[in-house]
Structure formats: structure tokens, C-alpha cells
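Okay, structure first, notes after.
Labels below follow one simple rule: chain letters A, B, ... track the order of the sequence lines, proteins then strands, and each chain is numbered from 1.
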Number of protein chains: 2
Amino acid sequence: MSGFTPVPHSAAQTRIVTAALDLFAEHGVSGTSLQMIADAIGVTKAAVYHQFNTKEEIVVATIETELVRLEDALAAAEADEDHARAQEILLTRVIDLAVERRRLVGTLLNDPVIVRLLEERAPFQQFMRRLFRVLIGGDARPESRVRAAMIGAAIGGAVTSPVVADLEPATLHAQLISLTKRFLEISD
Amino acid sequence: MSGFTPVPHSAAQTRIVTAALDLFAEHGVSGTSLQMIADAIGVTKAAVYHQFNTKEEIVVATIETELVRLEDALAAAEADEDHARAQEILLTRVIDLAVERRRLVGTLLNDPVIVRLLEERAPFQQFMRRLFRVLIGGDARPESRVRAAMIGAAIGGAVTSPVVADLEPATLHAQLISLTKRFLEISD
DNA sequence: GTCTATATGAAGATAGAC
DNA sequence: GTCTATCTTCATATAGAC
């Protein structure tokens, strides 16, 4: 029920996670070495290993710090009995975050290492299931599920697209909200 | 005008490219070593290096073999004066391919190494520009561009989504076609 | 076209001093 | 919390024989 509870981080850990996120977004997880992370914050690899025992732990911490940004909106959506309103609460927050953290979204949704961790670790699994439940509702028809998959992918993928790379965040945000709403309305 | 002309490959090269594509889809480009590729086809690393001088050349060859699948549809779309019909020709083919090569799509659209090559290499650049031109048409308004980005991302991302992982290819395909058409119609 | 063998560097990770 | 130094493994890549 409580789902996903991330661990708090020290200041040193936060610096590592922030630098790692940035590098993961640019080079992918496998393309980012601990040396690159250490260099980015101006310490040695050994200092990084003092904070996290393995590279995987750093990846897990970065996933946690991003997923936690959705937690409040997800809880609020789940508390609403009206499914359409729940969906809107969640999607609005998802769009906010996707635009705000534009550079990261592709990595979080697609990087093979992150995808594997999201599938393997029980807390992440549960969190993702909660997200999908609100997106799909009780409706298991292929049409609803493909539509949910398309909306999720459209929001996540659109913010990274070169086609909109030069748009202001505010413009991009407004258009995403408007188009997502209209897409939800069709076939309802 | 001619745009993108891929190099033909020998049988040995084709075996390498096929195995590489499969591994890239699972582990990403950076997560795939030449040893893994060599093992997958049952030869040594040296044999692979006899066919391609660098790992990057293998990646380029894999991108080429996938992009070329869109070439005919793109040419046909460009030849049609009716923009809506051109868009439909291209999107239908894109959906066909996305469903058919489901496992690969995420990697081709998102892997940092592949994205970098698509941006850096002139032939790829030109090919992508042609694709986007058909998708967006002459229309440069933010709304059209965000819509185009969403459609591209929705198709590319939806096929990989866990939400639809258990759907038959035919079902997925039919729903994607139907929903994409309706999404195109809104706000036209 | 494939092999064995090898060069060279960088990866993840640890020990122990300050 | 950070350092220097080190270990081991694996990466890309090459030389030269069959």
C-alpha cells in the first residue's frame, strides 16, 4: 500500500547522484564510468566508493530521486474516486516533470540498465504498477491499453524530440497539456 | 536529393550486423562488447575486426540496415502532392516497422551512441530531416510540431511499453493505426 | 575468413593512510 | 570524507600465421 519509500541521502551522496544523473542523461548508464562521475564533482573514485558500494547503487539512488517526484501526485490521483479526474491529476504532473527534466526523461524510460532495475526491484515494480493502474483505469481492452501506452510514450518521447528542441518550456508544456487532453477525449 | 545510400554488406558482415542489432536492443550499444558480438556468432573478436575496423562502423552499419527499410515509403510519401496522403503513407509504414521490429525501436530512437551518430553523420541527418518534413509538412506552428513529436514518440514508445507487452502484433498494429489516425484528425 | 597471441588502456572495486 | 596506490577483469584494437 505504501509502495515506494526512498532512502534519504547525505550531502555527499546528493552531489554524486546529481552529477550521475547529468552524465547518465548524456552518455547512458553503461557509457558513464565512475571516473567520469568522480571527475564531475572533483573527487577521486575512492571517495565515490565511500558513499556507494557499487555503481548499481548509484543508479538505484538516481532512479529513486526521480520517481519520488511523482509520489505526491500519484497518491492524490489514487485518492480520487473519479477515474477521469485521477488521470488528469497524474498526467498533469507527469507533463510538468517531463518538461522540467527534459534531458533526463529518455534515459529514465529507455536506458537498458535502468529498465532492468525498474523490472527487477520490487519497490520500483510496485510503483510502476501503481502508475499504470491510474493511467489505464480498470479498462483492460487493447484499445485502452494501447492508448495508455501511446500517451505515456508520447509525453516522454516528445520532450526529447529534435522537432521541438527549440521550443520554450512553457510553449512545449502548454501544447502537451492541450494535445494530451484531446487525445484522451477521443474514443472515450 | 538522393539522400541516404547504404553500403551493401557481405554475408559475414550481415551476420555481424544481425547479431549486433539483437545485442544492442538488449544491452544498449555501450553495454555491448565486441566479445559479446563475436560469441553470438561463434567466432573470435579478430574475425569481427576483419570485417569492420571499429565498433563504431558496426553501429553505423546497423543504423543503415534499419533506416533503409523506411526508404521506399519515404520516397513514395515525398512524391505525393497531397500532404495528408503523404503523411498516411509514411506513418503506415512506420507503424508496420515499429511493430515488426518492436524490440529494436527503443534502442534506435534513444540509445545515446546511436542518437549521436544520427546527429553527426550527414547522410543520417539528411534522412531524418526528410522524415520530419513529411511528418510536419510545411507547418511550423508549435502545435503541429509538438503533435508530430508526440506521434513519432507515441508510435516508437508504445510498442515497447510493458502495458502492451502481451498483445499480439496484429492487435497492437490495428490499434496503433486507428489511434494514430484519430490523433491526426484532431485539431486539423 | 578465421585463428592465437598480445598490446594498451580503462573499467569496477578495495586497502589503508590522513 | 577524501586521498594514493593497487588489484583484477575486461574493453578496444592490432600483428601475423593458416
Side-chain angles (χ1 to χ4, degrees), chain A residues 7-65 107 111-118 120-121, chain B residues 7-65 107 111-118 120-121:
Chain A
V7 221
H9 303 130
S10 71
Q13 285 176 323
T14 304
R15 261 179 291 133
I16 292 171
V17 168
T18 305
L21 263 172
D22 214 66
L23 289 163
F24 291 165
E26 191 170 342
H27 307 284
V29 174
S30 289
T32 302
S33 67
L34 279 152
Q35 188 65 65
M36 291 162 79
I37 297 173
D39 288 348
I41 55 184
V43 298
T44 61
K45 276 192 292 180
V48 176
Y49 272 108
H50 183 70
Q51 303 297 334
F52 295 96
N53 292 318
T54 62
K55 183 181 176 184
E56 185 162 298
E57 277 186 28
I58 299 177
V59 182
V60 168
T62 62
I63 300 177
E64 282 170 349
T65 60
T107 305
D111 186 281
V113 175
I114 293 181
V115 169
R116 202 201 70 226
L117 288 170
L118 286 176
E120 280 177 2
R121 305 250 163 163
Chain B
V7 222
H9 302 132
S10 70
Q13 285 177 325
T14 303
R15 259 178 292 134
I16 292 171
V17 168
T18 305
L21 264 170
D22 213 68
L23 290 163
F24 291 164
E26 191 169 344
H27 308 285
V29 173
S30 289
T32 302
S33 68
L34 279 153
Q35 187 66 65
M36 291 162 80
I37 297 173
D39 288 349
I41 55 183
V43 297
T44 62
K45 278 191 290 181
V48 176
Y49 272 108
H50 183 71
Q51 304 297 333
F52 295 96
N53 291 319
T54 62
K55 184 181 176 184
E56 184 162 299
E57 278 186 28
I58 300 177
V59 182
V60 168
T62 60
I63 300 176
E64 283 170 348
T65 59
T107 305
D111 186 281
V113 176
I114 292 179
V115 169
R116 203 202 71 227
L117 288 171
L118 287 175
E120 279 178 1
R121 305 251 163 163

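- A straight line from CD1 of I58(B) to C1' of dT12(D) spans 11 Å, rounded to a whole angstrom.
- The salt bridge (charged side-chain N to carboxylate O under 4.0 Å, His left out) with R121(A) is formed by just one residue from the set E56(A), E57(A), E64(A); it is E56(A).
- Checking side-chain atoms of Q35(A) against main-chain N and O of K45(A) turns up no donor-acceptor pair under 3.5 Å.
- A straight line from CZ of F52(A) to P of dG1(D) spans 11 Å, rounded to a whole angstrom.
- Taking each heavy atom of A61(B) and V17(B) in turn, the nearest pair found is CB-CG2, 3.8 Å.
- Heavy-atom nearest nucleotides on DNA chain C were determined for K45(B) and for S10(B), and the one closer to the 5' end corresponds to S10(B).
- How far CG of L34(B) is from CG of D39(B): 10.5 Å, rounded to the nearest 0.5 Å.
- Atoms OG1 and CD1, from T62(B) and I114(B) in turn, are 5.5 Å apart once rounded to the nearest 0.5 Å.
- When rounded to the nearest whole Å, the span between CD of E57(A) and P of dG12(C) equals 14 Å.
- The side chain of Y49(A) approaches dG12(C) more closely than any other nucleotide in the set dG12(C), dT14(D), dT2(D).
- A straight line from NE2 of H27(B) to P of dA11(C) spans 20 Å, rounded to a whole angstrom.
- Residue contacts for A12(B): at a heavy-atom cut-off of 4.0 Å it reaches the sugar-phosphate backbone alone, with no base atom in range.
- The CD atom of Q35(B) sits 16 Å away from the C1' atom of dA11(C) (whole-angstrom rounding).
- Here dA11(C) is the nucleotide among dA11(C), dA13(C), dA13(D) with the atom lying nearest to any side-chain atom of S33(A).
- In this structure, L34(A) atom CG and dT6(D) atom P are separated by 21 Å, rounded to whole Å.
- dA15(C) atom C1' lies 14 Å from atom CG of N53(A), rounded to whole Å.
- For the pair H50(B) NE2 and dC18(D) C1', the computed distance is 13 Å after rounding to whole Å.
- S30(B) comes within 4.0 angstrom of no nucleic acid atom, judged by non-hydrogen atoms across all strands.
- T44(A) has no side-chain polar atom (N or O) that falls below the 4.0 Å cut-off from OP1 or OP2 of dT2(D).
- Comparing K55(A) and V43(B), the nucleotide of DNA chain C nearest to each residue sits closer to the 5' end for V43(B).
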